[in-house]
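What follows is a single structure, written as structure tokens, with notes after it.
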Amino acid sequence: MIVLVGFMGAGKTTIGGLLAARLKLPFADSDQVIEQRAGRSVRQIFAEDGEPAFRALEHQVIADLLDGPEMIIALGGGAAEHPQTQAKLGLGAQVVYLQVGYDRALRRVGGDAGRPMLARPDLAALYERRLPVYARVATLAVQTDGRHPETVTDDIVTRVVPDSTAVVEGLGRAGRGTGPA
Ligand code: S3P
């Protein structure tokens, strides 16, 4: 399992899609699965049920995805803060932290009404609070600032393999997790 974490605007969905195509694995975005399951948008769930209900549903969706077949999973920016999600990620997933600077993140997603957390007055503090959380759950950190999504994807592909039997071109099983060959 390869799981992408990072703040809103880090490029989790974009890079997740590219990574899935490269590694020929299915891709799931936790927000999209939540919306399908709830039959409502993330924005509606926040507005009608509140953030705690969203977080509970988010955890359940991610736990189910992690229990399913091998795939690439992009998590919503707040998901890694959930203690039970953290515990589940620790059971063997390769967790890629996509790093993004605060200003760049806001340039990428600022003003998106579909992301209710962007309206928080303490957004900068939230960003600061989450950085060590992402770093703690991650097995690999990759900088995205000023880099093309394809370049970031190449970087990740050389440093992870999708499962214990897969062999990425140019990187045999002996090379697992040891960085670029
Ligand atoms: C959130 C990030 C969003 C989405 C929800 C809450 C957050 O996902 O899960 O709006 O708390 O940072 P993205 O990181 O994909 O924008």
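Quick note: residue numbers are just sequence positions, from 1. Start at 1 and go down the list; that is how both ligands and their atoms are numbered.
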Identify whether the distance between the nearest side-chain nitrogen and carboxylate oxygen of [X] and [Y] falls below 4.0 Å.
{"X": "Arg37", "Y": "Asp64", "result": "yes"}
{"X": "Arg129", "Y": "Asp122", "result": "no"}
{"X": "Asp49", "Y": "Arg40", "result": "yes"}

For atom 13 (P) of ligand 1, which of the options Asp31, Leu118, Leu4 provides the nearest non-hydrogen atom?
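Heavy atom nearest to atom 13 (P) of ligand 1 belongs to Asp31.
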Using distance alone, decide if ligand 1 has a nitrogen or oxygen within less than 3.5 Å of any nitrogen or oxygen in Val42.
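No; the residue has no nitrogen or oxygen that sits under 3.5 Å from a nitrogen or oxygen of the ligand.
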Tell me which protein heavy atom sits closest to [atom], plus the residue, atom name and distance to 0.1 Å.
{"atom": "atom 12 (O) of ligand 1", "result": "Arg130 NH1, 2.7 Å"}
{"atom": "atom 11 (O) of ligand 1", "result": "Arg55 NH2, 2.6 Å"}
{"atom": "atom 2 (C) of ligand 1", "result": "Gly77 N, 3.4 Å"}
{"atom": "atom 6 (C) of ligand 1", "result": "Met117 CG, 3.7 Å"}
{"atom": "atom 16 (O) of ligand 1", "result": "Arg115 NE, 2.6 Å"}

Does CZ belonging to Arg43 count more than 12 external heavy atoms closer than 6.0 Å?
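Count not over threshold, so no.
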Side-chain contact, heavy-atom cut-off 4.5 Å: Ile73 with Leu4?
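No, every pair of side-chain atoms sits at 4.5 Å or beyond.
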Under 4.0 Å from any heavy atom of Pro116, which atoms of ligand 1 are there?
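Listed by number with element, the hits are 10 (O).
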Is Val95 reachable from Leu18 through a run of I, L, V, M, F, W or Y residues, each pair having side-chain heavy atoms under 4.5 Å apart?
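Unlinked, Leu18 and Val95 end up in two clusters.
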